[in-house]
Amino acid sequence: QLVESGGGLVQAGGSLRLSCAASGRTFITYGMGWFRQAPGKGRDVVAAISWSGGSTYYTDSVKGRFTISRDNAKNTVYLQMNSLKLEDTAVYYCAADQGYGSLIRGKSDYWGQGTKVTVSS
C-alpha cells in the first residue's frame with residue numbers, strides 16, 4: 001500500500017513537499033515515481049527514481065523545480081516541488097514498479113490513492 005501526503009493549496013511560486021509512505025510490503029528494490037493527473041487530462045509521469053536512488057528522471061516541465069528522493073530505511077519517497085506554477089495543479093499519485101524504466105514509460109504495478117495539489121495565482 002502506498003499512502004501520499006503533503007498536498008494542499010499553495011500560491012504560485014511557493015513550495016510543497018509530497019511524501020509517499022509504503023506499508024504492507026517493502027519497496028526497497030522497486031523503482032518509485034510520482035505521476036499527476038490534471039482535470040480533464042490523462043495521468044502522466046512527473047518524476048521517477050531507481051531503487052538505489054542512483055538514477056532519476058523528470059519530465060521536461062518540472063526539471064530544475066522538482067526533486068524526487070527516497071529513504072529506503074523509512075520505505076518512503078518524496079517529491080520536493082519548488083517554484084510552483086498554475087499548471088502544476090493536479091492530483092499527484094505515488095507509484096511503484098519493479099522496473100524503473102517502466103515508470104518512465106508510464107506503467108506502474110502499484111498506485112497510491114492520490115493527493116491534490118492546487119496552485120493559485
Could you list the donor-acceptor pairs under 3.5 angstrom formed by side chains in residues 7-21, with sequence neighbours left out?
{"residue": "S15", "atom": "OG", "partner": "N82", "partner atom": "OD1", "Å": "2.9"}

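- Listed by first and then second residue, the disulfide (SG to SG under 2.5 Å) pairs involving residues 48-81 amount to none (not counting sequence neighbours).
- Pairs engaging residues 5-27 under the ring-ring contact (aromatic ring centres under 6.0 Å, His included) rule: F27-Y30, F27-Y110 [sequence neighbours left out].
- Here ring-ring contact (aromatic ring centres under 6.0 Å, His included) pairs that include residues 40-92, with residues two or more places apart or in two chains, number zero.
- Across every non-hydrogen atom of C94 and V77, the tightest pair is SG-CG1, 3.7 Å.
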Which atom pairs, donor and acceptor, lie under 3.5 Å between side-chain atoms of residues 37-44 and protein residues at least two apart or in another chain?
{"residue": "Q37", "atom": "NE2", "partner": "K41", "partner atom": "O", "Å": "3.0"}

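- For residues 26-72, there are no disulfide (SG to SG under 2.5 Å) pairs, not counting sequence neighbours.
- The side-chain hydrogen bond (donor to acceptor under 3.5 Å, both in side chains) check on Q113 picks up E4, with sequence neighbours excluded.
- Shown here are the salt bridge (charged side-chain N to carboxylate O under 4.0 Å, His left out) partners of K85, two or more places apart in sequence or in another chain: there are none.
- Legend: salt bridge (Lys or Arg N to Asp or Glu O under 4.0 Å) pairs involving residues 47-56, not counting sequence neighbours: none detected.
- Residues passing the salt bridge (charged side-chain N to carboxylate O under 4.0 Å, His left out) test with D88, sequence neighbours excluded: R36, R65.
- Listed by first and then second residue, the disulfide (SG to SG under 2.5 Å) pairs involving residues 25-67 amount to none (not counting sequence neighbours).
- Applying the side-chain contact (heavy atoms from CB on, under 4.5 Å) criterion to N72, with sequence neighbours excluded, gives I28, R70.
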